[in-house]
Trainee: 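Before I ask anything, let me first share the structure, which is written out below as structure tokens.
Positions are given from 1, in the same order as the sequence printed here.
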Amino acid sequence: AQIRCTSFAEGVVEVVGGAPRMIQGQGLTEVGQFSEPATLEARLHGHLAFRNLPCEIVGADGGQRHFLVSGVPVFEQATGAFCGYRGTARDISRRVLAERTLRRRDALLQAVGCAASQLLTTTDWRREMPRLLALLGSASSADIVNIFELVAGSDGERLAMRRFADPENGLFEDSSPSSPLLESDSPESDKAKNDSLAPAGQTSKPILHLEEPAMAEWLGRLEAGEVIMMRLADPSGDPQRLPTQTAASVLVVPVSAGGTLWGFLRFDRLDRDGQSLAWQEPEVEALKAAAGIIGSAVHRHTSDQVIRK
């Protein structure tokens, strides 16, 4: 017979976002998703104790909560008849988040090491960028990765032009045209300038107009070497500071060459089944290191061009 939940501790309210009666009567495997369902079913069928079985439950905020669930069978003292289980669930969400963050950090550091070996030995850093962005995107669990360069438009306006995108992801092309900070096509003069740089995987759009009032404070923070993290779905944020997208978590990392802001990297993580993945400090530090290596490669390449002239 199915083991069904009958009574709960007060802490259940925090997890389910309502009265415990909302899940009263549900089967144990209906309340959460166990990573070892066969083991659980076998223990329940045999009326045996089980301990520290990993389980995921969708919390009241829509986020995943991680628990270690344990249970001991309860029998009628007089007859020995099986009555059910008495169990506990230990919240390990913070530990799981920390472990996953460290795994992504380690993967990012490996990608940064690869970037260092490639960018510091190549004669043209631009040839390595599509592959490097793909590595950084995969290691950071980012759905969209772009690198922008600050340029001057034909009328002297300060612009940020996307130079490269992760070749494995074309989601940026679906950006909403309604944003005043995004143009689907670049001015011809800027397009020609961009196309002259030309390695495969490079693109001339979109363009951010940095003179827009909403971008001024954002640009100033990048020039000061500050990273920008924001949730576009957060109503307290200002989505007009970045091109409108369906992305939930955005990280923007400045790229400086020779002590001057050259451009920036942008990483977007989209929600998955209502779940968001915020940027954690170890990941940010690793991506700042990647931006530093890219900036050094840009500066060295620019200096070599000046010497050759």
Trainee: If you group Ile, Leu, Val, Met, Phe, Trp and Tyr by side-chain heavy-atom gaps below 4.5 Å, do Ile57 and Ile92 land in one group?
Mentor: no
Trainee: Is any side-chain heavy atom of Asp268 less than 4.5 Å from a side-chain heavy atom of Asp143?
Mentor: no
Trainee: With a 4.5 Å limit on heavy-atom distance, are the side chains of Arg90 and Phe67 in contact?
Mentor: no
Trainee: If you define the side chain from C-beta out and look only at heavy atoms, does anything of Met229 sit under 4.5 Å from Val284?
Mentor: yes
Trainee: Please enumerate all residues that pass salt bridge (charged side-chain N to carboxylate O under 4.0 Å, His left out) together with Arg103, with sequence neighbours excluded.
Mentor: none
Trainee: Starting at OG of Ser93, measure out to CZ of Arg65 and round the result to the nearest 0.5 Å.
Mentor: 5.0 Å
Trainee: As an exercise, state the distance from CG of Leu265 to CD1 of Ile294, rounded to the nearest 0.5 Å.
Mentor: 4.5 Å
Trainee: How close do Pro254 and Ala291 get, counting heavy atoms only, and between which atoms?
Mentor: O-CB, 3.5 Å
Trainee: Would a hydrophobic clustering, with Ile, Leu, Val, Met, Phe, Trp and Tyr connected at side-chain separations under 4.5 Å, put Leu251 with Leu97?
Mentor: no
Trainee: Using a 4.5 Å cut-off on heavy atoms from C-beta on, say whether the side chain of Trp125 contacts that of Arg300.
Mentor: no
Trainee: Quick one: list whatever passes side chain to side chain contact (heavy atoms under 4.5 Å, CB included) with Ala81, sequence neighbours left out.
Mentor: Glu76, Thr79
Trainee: Output a table of donor-acceptor pairs, distance under 3.5 Å, between side-chain atoms of residues 36-44 and any protein atom two or more places apart or on a different chain; print 'none' if there are none.
Mentor:
unit_1 : atom_1 : unit_2 : atom_2 : d
Arg43  : NE     : Ala49  : O      : 2.7
Arg43  : NH2    : Ala49  : O      : 2.6

Trainee: Distance-only, no hydrogens or angles: does the Arg126 side chain make a donor-acceptor pair with backbone N or O of Phe164 under 3.5 Å?
Mentor: no
Trainee: Nearest 0.5 angstrom please: Glu30 CD to Cys5 SG, how far?
Mentor: 8.5 Å
Trainee: Any side-chain heavy atom of Leu219 within less than 4.5 Å of one from Leu261?
Mentor: yes
Trainee: Should Val69 and Val96 be regarded as members of a common hydrophobic cluster, given that ILVMFWY residues are connected when their side-chain heavy atoms come within less than 4.5 Å of each other, either directly or indirectly?
Mentor: no
Trainee: Tell me whether Ser70 contacts the main-chain N or O of Asn52 through its side chain, where contact means a donor paired with an acceptor under 3.5 Å.
Mentor: yes
Trainee: Run the side chain to side chain donor-acceptor pair (under 3.5 Å) check on Arg162 and Asn146 step by step: do they pass?
Mentor: CA-CA 7 Å; Arg162 189 180 68 174; Asn146 296 277; 3.0 Å; yes
Trainee: Does atom CD of Glu99 have more than 12 heavy-atom neighbours from other groups under 6.0 Å away?
Mentor: yes
Trainee: Treating Ile, Leu, Val, Met, Phe, Trp and Tyr as nodes and any side-chain heavy-atom pair under 4.5 angstrom as an edge, say whether Phe34 and Ile3 lie in one connected cluster.
Mentor: yes
Trainee: Would you say CZ of Arg4 has more than 12 non-hydrogen atoms from neighbouring residues, nucleotides or ligands within 6.0 angstrom?
Mentor: yes
Trainee: For Ser117, check side chain to side chain contact (heavy atoms under 4.5 Å, CB included) against everything at least two apart and list the hits.
Mentor: none
Trainee: So, the side chain of Ser140 versus the backbone of Leu136: is there a donor-acceptor pair under 3.5 Å, distance only?
Mentor: yes
Trainee: Run the numbers on Glu149 and Trp262 for side chain to side chain contact (heavy atoms under 4.5 Å, CB included), then give the verdict.
Mentor: CA-CA 6 Å; Glu149 178 185 359; Trp262 174 89; 3.5 Å; yes
Trainee: Would you check if Asp124 and His301 make a side-chain contact, meaning some heavy-atom pair closer than 4.5 Å?
Mentor: yes
Trainee: Once you round to the nearest 0.5 Å, how far does CD of Gln280 lie from CG of Leu102?
Mentor: 10.0 Å
Trainee: Quick one, Cys55 and Leu53 - any side-chain contact, counting heavy atoms below 4.5 Å?
Mentor: no
Trainee: What distance do Asp91 atom CG and His66 atom NE2 have between them, rounded to the nearest 0.5 Å?
Mentor: 9.0 Å
Trainee: Taking transitive links into account, so neighbours of neighbours count too, which hydrophobic residues share a cluster with Leu135 at under 4.5 Å side-chain distance?
Mentor: none
Trainee: Is it the case that the ring center of Trp218 lies less than 6.0 angstrom away from the ring center of Phe264?
Mentor: yes
Trainee: Determine whether the aromatic ring centres of Phe82 and Tyr85 lie less than 6.0 Å apart.
Mentor: yes
Trainee: Which donor-acceptor pairs under 3.5 Å do side chains of residues 104-115 form with protein atoms, sequence neighbours excluded?
Mentor:
unit_1 : atom_1 : unit_2 : atom_2 : d
Arg104 : NE     : Glu283 : OE2    : 2.4
Arg104 : NH2    : Glu283 : OE2    : 3.4

Trainee: Quick one: are Val253 and Leu222 in side-chain contact, heavy atoms under 4.5 Å?
Mentor: no
Trainee: State which residue, out of Val227, Thr101, Leu287, fulfils the side-chain contact (heavy atoms from CB on, under 4.5 Å) condition with Trp279.
Mentor: Leu287
Trainee: Where do Val145 and Arg266 land on the side chain to side chain contact (heavy atoms under 4.5 Å, CB included) test, with the steps shown first?
Mentor: CA-CA 6 Å; Val145 185; Arg266 171 171 169 166; over 6 Å; no
